Each structure stands twice: as structure tokens, then as C-alpha cells.
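Keep in mind that this is a model prediction, so the values were computed, not measured. Start at 1 with the first residue, then count along the sequence.
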Amino acid sequence: MYAPERHQRILDIAREAGRVDVVTLAAQLDVTPETIRRDLTALERHGLVRRVHGGAIPVERLGFEPGIAQREGVLAGEKERIAKAALDELPDGGSVILDAGTTTVRLAEMLPHDRDLTVVTHALPVATLLAARSTITLHLVGGNVRGRTLAAVGPWALRELADIHADVAFVGTNGLSVERGLSTPDVAEAAVKRALVEAAQRTVVLADHSKLGRTDFAHVVPVTALDTLITDTGAADELVDEIEAAGLRVVRA
């Protein structure tokens with residue numbers, strides 16, 4: 001088992017059990033305790049677990065939401081492929097909504113320079129990337145900016161989003177499950193994501209495989225409110241089958 005595969009397995013075990021310990025993981029994965037300690041250190045560096053005596057706890061159990069800087073390098077290759085696949089979902093012209101998140105930032109970077117688009121976003125990193133683009137008509141939604149996601153939330157943002165109707169919304173998520181739909185750690189962020197979905201004719205979710213089957217604190221919308229999921233080839237077949245059976249079109253990049 002290569003290190004990235006081992007890291008994902010450790011993370012899956014931690015999220016399912018609520019915590020992991022070094023000795024048990026070493027026995028389960030047939031590696032030395034020193035290897036597991038290095039793995040946990042790497043996962044902590046990426047903001048995915050918090051080290052405790054003898055093991056680690058997934059950050060979701062601590063009520064801790066990693067910031068953009070911590071999430072930027074996590075599954076970077078997968079996010080790149082997801083963003084590239086999302087280009088096929090763009091309208092020929094017209095309007096799109098870009099949610100906050102590291103994958104939507106990659107999509108913003110890839111938007112074609114030869115196509116006129118109206119882009120609505122509440123995410124400062126996305127707006128910064130697109131502000132000077134001559135082919136983009138940019139609408140920046142205002143509100144209270146959350147430091148962890150650099151996204152505007154609150155009543156101002158909700159009022160502005162209620163006045164628009166876009167062709168496609170590209171939405172990120174912390175968790176996606178058939179039972180609970182989209183979910184995220186923050187209630188205010190969940191409300192804005194819900195407004196993004198309601199403001200678009202079609203919703204495309206951009207989520208790497210680590211988000212699938214997960215449920216976070218704040219519910220956004222059920223899967224029936226969504227149209228397409230773009231994920232990566234690391235997504236488990238059984239999870240993809242469940243999601244497709246619930247009515248979503250799934251693209252694996």
C-alpha cells in the first residue's frame with residue numbers, strides 16, 4: 001500500500017470510529033508504529049486530523065473546520081481533474097454561480113478566455129481571479145466574510161442571491177450522502193449554499209471522493225435538489241451507485 005492510499009485508509013477509519021490509535025493502526029495496516037506516526041503527522045499538517053496522545057481524532061469530531069490554506073494541497077490532483085471536467089458543464093454563454101472552495105477556485109482559473117460569461121460569486125478568491133478578465137461580467141455578492149472560507153455569508157448575501165437566476169451553479173461541499181444530501185460545518189455557510197442552489201436552473205456539485213458518504217453539521221439541500229456530481233476515480237463504486245440511484249448524474253474525472 002502506497003503512502004497516499006494508507007493516508008486515505010487511516011482517515012476513513014478515523015472518521016468511522018471517531019478516533020484512531022497508533023498501535024491498532026500499525027497492526028491493521030501491517031506497518032510500524034513509526035510509519036503510522038509519520039502518517040498522522042502528515043494528515044495533521046493537511047488539517048484533516050488533530051494529534052492526541054497515542055493517536056489522532058478527525059477534525060470533524062472537534063468541531064474544527066480547516067481553512068483554505070490547509071485544504072489547498074489536499075487531493076490537489078483530484079481537484080484539478082474535477083475542475084477540468086466541470087468545464088464541460090459550462091453554458092456556451094450566459095451565467096454561472098461559483099461557490100467558495102478550493103475546487104471552485106481551480107475552475108475559476110480554468111474558465112475559457114474566448115467565451116463571454118456572467119459569473120456570480122460570494123467567494124473572495126474567485127472574485128480576485130476573475131475581476132480583471134475582459135470576457136467575464138463579475139457580480140460579487142456581499143455580506144459578512146468568514147475567515148476560514150473567505151466567503152460572504154449572512155442576510156446581505158441571501159438577499160442578493162434571491163434576486164438572480166443563473167444557468168448553472170457550481171457548488172462545493174464538505175459532505176454528500178444520499179441520506180442527508182449536501183452538508184457543511186457552518187450554519188451560515190449552509191444557508192448561502194442553499195441559496196446558490198435555488199438561484200440556478202441546474203446545480204453541479206464538485207466533490208472529491210473524501211467528501212462522499214460523509215455528513216457534516218449543517219444540512220444544505222437533499223440530493224433531489226441537485227443535478228450532477230463531478231468526483232474523482234477514487235470514489236467507491238458502491239457510493240457512486242447509491243448516488244446515481246438517487247437520481248444524480250455522476251462524472252468521475
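Of all heavy-atom pairs between Ser183 and Asp216, the closest is OG-N, 2.7 Å. Minimum heavy-atom separation, Leu161 to Val192: CD1-CG1, 3.9 Å. Between Ala86 and Leu206, the closest heavy-atom pair is CB-CD2, 3.8 Å. Residue Pro91 comes nearest to Leu117 through the heavy atom pair O-CD2, 4.0 Å, listed as atom of the first residue, atom of the second, then distance. In terms of heavy-atom proximity, Ala108 sits nearest to Leu98 at CB-CD1, 4.0 Å. For Val220 against Thr184, the heavy-atom pair with the smallest separation is CG2-CG2, 4.2 Å.
Remark: of the listed residues Arg202, Arg249, Glu89, Arg249 is the sole one forming a side chain to side chain donor-acceptor pair (under 3.5 Å) with Thr228. Each of Leu212, Val223, Val178, Leu248 was evaluated against Glu242; a single residue qualifies, Val178, per the side-chain contact (heavy atoms from CB on, under 4.5 Å) test.
Val145 and Val153 fall into different hydrophobic clusters, where Ile, Leu, Val, Met, Phe, Trp and Tyr residues are linked whenever their side-chain heavy atoms come under 4.5 Å apart, directly or through other members. Tracing side-chain contacts under 4.5 Å through hydrophobic residues (I, L, V, M, F, W, Y), one never reaches Val23 starting from Val31; they form parts of separate clusters. Hydrophobic clustering (side-chain heavy atoms under 4.5 Å, transitive across Ile, Leu, Val, Met, Phe, Trp, Tyr) groups Leu43 together with Val20. Tracing side-chain contacts under 4.5 Å through hydrophobic residues (I, L, V, M, F, W, Y), one reaches Ile243 starting from Val171; they form part of the same cluster. Residue Val120 is grouped with residue Leu196 when hydrophobic side chains (ILVMFWY) are merged at heavy-atom distances under 4.5 angstrom, including chains of intermediate members.
Within the 3.5 Å criterion, the main-chain N or O of Leu111 finds a donor-acceptor partner in the side chain of Arg133. Looking at Arg37, its side chain never comes within 3.5 Å of a backbone N or O of Thr32 through a donor-acceptor pair. With Asp227 contributing its side chain and Val204 its backbone, the two residues share no donor-acceptor pair below 3.5 Å. Side-chain N or O atoms of Arg252 include none that pairs as donor or acceptor with a backbone N or O of Thr233 at under 3.5 Å. Although no hydrogens or angles enter the test, the distance criterion places no donor-acceptor pair under 3.5 Å between the side chain of Asp21 and the main chain of Gly55.
The CZ atom of Arg51 sits 4.5 Å away from the OG1 atom of Thr41 when rounded to the nearest 0.5 Å. Rounding to the nearest 0.5 angstrom, the gap separating the CG atom in Leu229 from the OG1 atom in Thr203 is 12.0 Å. With rounding to the nearest 0.5 Å, the separation of CD in Glu5 from CG in Leu29 is 11.0 Å. From Ile230, atom CD1 reaches atom OG1 of Thr103 across 10.5 Å, with rounding to the nearest 0.5 Å. Taking CG of Leu87 as the reference point, atom CG of Leu107 lies at 6.0 Å (rounded to 0.5 Å). Considering NZ of Lys79 and OG1 of Thr231, their distance stands at 11.5 Å, rounded to 0.5 Å.
In this structure, a donor-acceptor pair under 3.5 Å is absent between the side chains of His139 and Glu160. Using modelled atom types and a 3.5 Å distance limit, the side chains of Thr135 and Arg115 yield no donor-acceptor pair. Using modelled atom types, one finds a donor on one side chain and an acceptor on the other under 3.5 Å when comparing Glu189 with Thr149.
With a 4.5 Å cut-off on side-chain heavy atoms, Leu182 and Lys193 do not count as touching. Between Leu11 and Arg15, the closest side-chain pair of non-hydrogen atoms falls below 4.5 Å. Taking 4.5 Å as the limit, some side-chain heavy atom of His122 sits within range of a side-chain heavy atom of Asp99. In this structure, Thr121 and Leu138 have side chains that are in contact, with non-hydrogen atoms separated by less than 4.5 Å. Using a 4.5 Å cut-off on side-chain heavy atoms (C-beta onward), Ile164 and Ser95 make no contact. Residues Glu34 and Arg38 have side chains in contact (heavy-atom distance under 4.5 Å, counting atoms from C-beta outward). When side chains are defined from C-beta on, Val119 does not count as touching Thr137, because their heavy atoms never get closer than 4.5 Å. With contacts defined as side-chain heavy-atom distances shorter than 4.5 Å, the pair Val96/Asp167 does not qualify.
Residues Arg9 and Asp39 are not paired through a salt bridge, judged by the lack of any N-O separation under 4.0 Å between the basic side chain and the carboxylate. Ion pairing between Arg106 and Glu109 fails under the 4.0 Å rule for side-chain N and carboxylate O.
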| task | For the pair Val221 and Arg194, evaluate side chain to side chain contact (heavy atoms under 4.5 Å, CB included) and give the outcome as yes or no after the intermediate values. | result | CA-CA 6 Å; Val221 293; Arg194 191 175 308 118; 3.8 Å; yes
| message | With side chain to side chain contact (heavy atoms under 4.5 Å, CB included) as the criterion, how do Asp12 and Glu16 come out once you've worked through the C-alpha distance, each side chain's angles and the decisive distance to 0.1 Å? | response | CA-CA 6 Å; Asp12 290 341; Glu16 183 176 347; over 6 Å; no
